[in-house]
Visitor: 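I am attaching a structure below and will ask some questions about it afterwards.
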Amino acid sequence: MAFRAACPACNCAGEYDLLHSLKQTELGWQLFCELCGESVIHFSTEEKEQIFKAMQLTKEYVPDVINAYGELNVKELSSHVAFGAIAKKRQRIKLDPLSTPSGNLRN
C-alpha cells in the first residue's frame, strides 16, 4: 500500500510503499526519506502490527454499500429531527448534618 508523505527535514514529498519501505531500527520501525535519508515517520512494533492488520482487513472486506442501501426501506424512516435535553427526575436525599455516611455522630 503506497502513500505520500513529506520529509520534515528537506520537505521532499515522496511516495512510499509501507510493506517494502519500513526498516527496523532501535527506535522501532521507521520510514526514511528517499532524498536525504532522514526519518519521515516511525512506528512501534505494536503500531506496525495494527496498521498491517487494518490494511489486510481493508483488502479482504469491501462492503457493498450501494446494494445494502438499496435493500433498506428508507421511505418509512422519520424525516423529522428534534434537538433538546432529556430531563431526568431528580431525587432529593435528606441528610442529617450531624451524622456521617456510616451513621455515627461526629465529635
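Computed from heavy atoms alone, side chains included, the values below leave out hydrogens, waters and symmetry copies. Since the model is a prediction, treat every value here as computed from it, not as a measurement.
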Visitor: If hydrophobic residues (ILVMFWY) are linked whenever their side-chain heavy atoms come closer than 4.5 Å, directly or via other members, who joins Y61 in its cluster?
Guide: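 Hydrophobic cluster check, Y61: no partners found.
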Visitor: Tabulate below the donor-acceptor pairs under 3.5 Å that side-chain atoms of residues 46-53 make, not counting sequence neighbours, or state none.
Guide:
residue : atom : partner : partner atom : Å
E46     : OE1  : S44     : OG           : 3.4
E47     : OE1  : S44     : N            : 2.8
E47     : OE1  : S44     : OG           : 3.4

Visitor: Are F43 and M55 connected in the hydrophobic side-chain network, where two residues link if heavy atoms are under 4.5 Å apart?
Guide: yes
Visitor: Return the set of residues passing side-chain contact (heavy atoms from CB on, under 4.5 Å) with L27 (not counting sequence neighbours), or none when no residue passes.
Guide: T25, Q30
Visitor: With sequence neighbours excluded, what pairs up with S21 under the side chain to side chain donor-acceptor pair (under 3.5 Å) test?
Guide: none
Visitor: Who passes side-chain contact (heavy atoms from CB on, under 4.5 Å) against Q56, sequence neighbours left out?
Guide: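 In terms of side-chain contact (heavy atoms from CB on, under 4.5 Å), with neighbours along the sequence ignored, Q56 is linked to E60.
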Visitor: Please enumerate all residues that pass side-chain contact (heavy atoms from CB on, under 4.5 Å) together with A6, with sequence neighbours excluded.
Guide: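 Listed in chain order: N11.
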Visitor: With sequence neighbours excluded, tell me which residues meet side-chain contact (heavy atoms from CB on, under 4.5 Å) with E38.
Guide: C7, A9, C36
Visitor: Of all heavy-atom pairs between V40 and A5, which one has the smallest distance, and what is that distance?
Guide: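 Distance-wise, the nearest heavy atoms are CG1-CB, 3.8 Å.
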Visitor: Decide side-chain contact (heavy atoms from CB on, under 4.5 Å) for I41 and Y16; before the verdict, give the C-alpha distance in whole Å, the side-chain angles of both, and the deciding distance to 0.1 Å.
Guide: CA-CA 11 Å; I41 194 167; Y16 302 94; over 6 Å; no
